[in-house]
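To keep things clear, I will list the structure first and then write my remarks on it.
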Amino acid sequence: MDRIVVEGGPRLSGEVHASGSKNSTLALMAAALLVDGETRYRNVPRLRDVDAMLEILCAVGADAEWVEGEPHTVRIDGSRVSNPEAPYDLVRKMRASFMVMGPLLTRFGRARVSEPGGCAIGVRPVDQHLKGFEALGGKIRLDHGYVEATTPGLEGARLAFDVTTVNGTQNVMMAATLANGETVLENAAREPEVVELAQVLNMMGADVRGAGGDRITVRGVERLRGIQHTVAGDRIEAGTLLTAGLVTGGDVKVTGIDPAIMESTLEKLREAGAEVELGRDEVRARAPDGLRGIQVVTAPFPGYPTDMQAQIMATLCVANGSSVVTERVFENRFMHVPELQRMGADITLSGRSAHLRGRNRLMGAPVMATDLRASAGLLVAALAAEGETTVNRVYHIDRGYERIEEKLRGLGALVRREG
Ligand code: EPZ
């Protein structure tokens, strides 16, 4: 079983390039199923989750693969999709694959997708996705762990999500692109990944307006065409790399990222005392006078991203003064806390908040990764710890970070992969 070993201490400094966005890529790959033709995406990160989505697309009959000689390009040909069914064995590996349901239902009038079930960070139901498909006239039934949806043809409708859901907004937005008439989504998610998906759908010939706001309008069209698109940089990976620099008292510049899509993260880093410099597609952060304690509350975009919660918690563990980190998006996203406590962090949990008293240094220790972002938080903490930390179960990290140890080594970290 792979593990990552970190010798804490060195100040990280230098430049590192952000990979393409995992969460944008996954939704964009599902969108290619809407097209009776070929779609190509560039700047796609080489991640386990992307490979899992390629498997799902092939399972429903699409021709989907990495392009030979172009390590960050995938091509997806949706012209021979024949079997709109996504099996349990593939969906359980990566719950975002539930986003194939909207495209399959609206294009083929039928979709059968395994219910993704819960995960380490929460129950994560898909009731809002199903509410959306039903509002557009889809007939939904649960059948032995599968969601079966059928329709003679979706009809545009107005619906309001009860909770702001990113993949729910994306799934229903895709379904509405080929529906008859106009759909209005209220309380829609405003994440940059929703905006990028809407931009790509419009490049394919769709008519999506208002993405980025909480009301999105989609006018249905007859068909969509294949396009070529370069995926935006990953704002969560970029944020993780900046905290890796700050926690060591270093100076890191991340390139290949649009600072505008990570403003709430940068705002919190500034509040903690970091000097943040922005360029057109780069961000630099350092804290020559050290960091101070702050309050962080996660929320849907443009609020502070829950996917950056563990990383800033790890960073605040070595800040001067106390901090409070409150998780409002997922009900069980503090799995990294007991592991940080094993490294000597002074953290008390009460309800959905973690109360931290900053300390000078953490201690290296063997720790267990439980989910993707928790493991990123442990990696950040390990960089500032005294001695060696072994992060076990790093397959979690490989789901969302491309060659993370190489990138950190490039900044001066003492990191190696074992196993
Ligand atoms: C997306 O998940 C991201 N994943 C997550 O990133 C991210 O944490 C999350 O958005 C929030 O920003 C991808 O884009 C692939 P939600 P998603 O639906 O869409 C509840 C990572 O680390 N809810 O916005 O699944 C839900 O339980 C991953 O890269 C319902 O109640 O998240 C949660 O409490 C982890 N019913 C809240 O809404 C529904 O039908 C927000 O979840 C849907 C969601």
Side-chain angles (χ1 to χ4, degrees), residues 19-31 45 47-50 52-53 56 91 93-102 113 115-135 140 147 159-174 185 187-197 214 231-232 234-240 261-262 264-265 297-311 327-333 335-336 352 369-377 396-402 404:
S19 297
S21 163
K22 167 184 80 83
N23 289 345
S24 259
T25 297
L26 298 175
L28 294 174
M29 291 172 75
L47 300 172
R48 286 163 50 107
D49 277 9
V50 174
M53 187 57 104
I56 292 257
V91 174
K93 279 197 217 159
M94 203 258 308
R95 47 176 307 106
S97 43
F98 195 73
M99 280 193 284
V100 301
M101 183 142 231
V113 179
E115 221 274 346
C119 83
I121 65 177
V123 179
R124 304 185 73 178
V126 290
D127 59 306
Q128 297 298 304
H129 302 232
L130 305 185
K131 175 183 176 179
F133 300 141
E134 277 178 331
I140 306 282
V147 177
L159 79 128
F161 290 108
D162 304 315
V163 292
T164 307
T165 162
V166 180
N167 291 174
T169 300
Q170 294 167 314
N171 219 343
V172 181
M173 183 165 76
M174 290 189 278
L185 306 177
N187 191 25
R190 304 169 58 188
E191 268 68 4
E193 296 77 27
V194 172
V195 174
E196 187 168 5
L197 176 62
D214 59 10
V231 179
D234 194 312
R235 63 191 172 104
I236 305 298
E237 184 207 23
T240 304
I261 65 172
M262 52 186 306
S264 52
T265 299
V297 180
T298 68
F301 194 92
Y304 186 86
T306 172
D307 294 348
M308 273 298 299
Q309 181 252 95
Q311 299 91 317
E327 175 56 56
R328 287 242 180 283
V329 178
F330 290 105
E331 65 274 19
N332 187 34
R333 204 167 203 181
M335 305 282 274
H336 41 284
R352 301 190 76 151
T370 48
D371 62 81
L372 167 58
R373 306 304 174 183
S375 36
H396 287 294
I397 288 182
D398 297 335
R399 292 192 45 208
Y401 293 89
E402 184 178 9
I404 186 73

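What's counted below: heavy atoms across the whole structure, side chains too, no hydrogens, waters or symmetry copies. Both counts, for ligands and for their atoms, begin at 1 and track the order of listing. Residue indices begin at 1 and follow the sequence shown.
Residues that satisfy the ring-ring contact (aromatic ring centres under 6.0 Å, His included) test with Phe98, not counting sequence neighbours, are His129.
A salt bridge between Lys22 and Asp234 is absent, with no side-chain N of the basic residue lying under 4.0 Å from a carboxylate O of the acidic one.
Counting atoms of ligand 1 from 1 in the listed order, those under 4.0 Å from a heavy atom of Thr306 are 8 (O), 11 (C), 12 (O).
At least one N or O atom of Asp127, backbone or side chain, sits closer than 3.5 Å to an N or O atom of ligand 1. The shortest N or O to N or O distance between Leu26 and ligand 1 is not below 3.5 Å. The N/O atoms of Gln128, backbone and side chain alike, include one that comes under 3.5 Å of an N/O atom in ligand 1. Of the N or O atoms in Glu331, none lie within a sub-3.5 Å distance of an N or O in ligand 1. Considering backbone and side-chain N/O of Val163, none are found under 3.5 Å from N/O of ligand 1.
When only modelled atom types and interatomic distance are considered, Glu196 and Ser24 share a side-chain donor-acceptor pair under 3.5 Å. Side-chain contact check for Arg333 and Thr306: at least one donor-acceptor pair (N or O, by modelled atom type) lies under 3.5 Å.
Contacts of Val166 with ligand 1, taken as heavy-atom pairs under 4.0 Å, involve both backbone and side chain. Heavy atoms of Asn167 found under 4.0 angstrom from ligand 1 belong to the backbone as well as the side chain.
Across all non-hydrogen atoms, the minimal contact from Thr370 to His396 is O-CE1, 3.2 Å. Pairing each heavy atom of Val329 with each of Thr298, the nearest pair is N-OG1, 3.5 Å.
Ranking protein heavy atoms by distance to atom 35 (C) of ligand 1, first place goes to Arg333 NH2, 3.7 Å.
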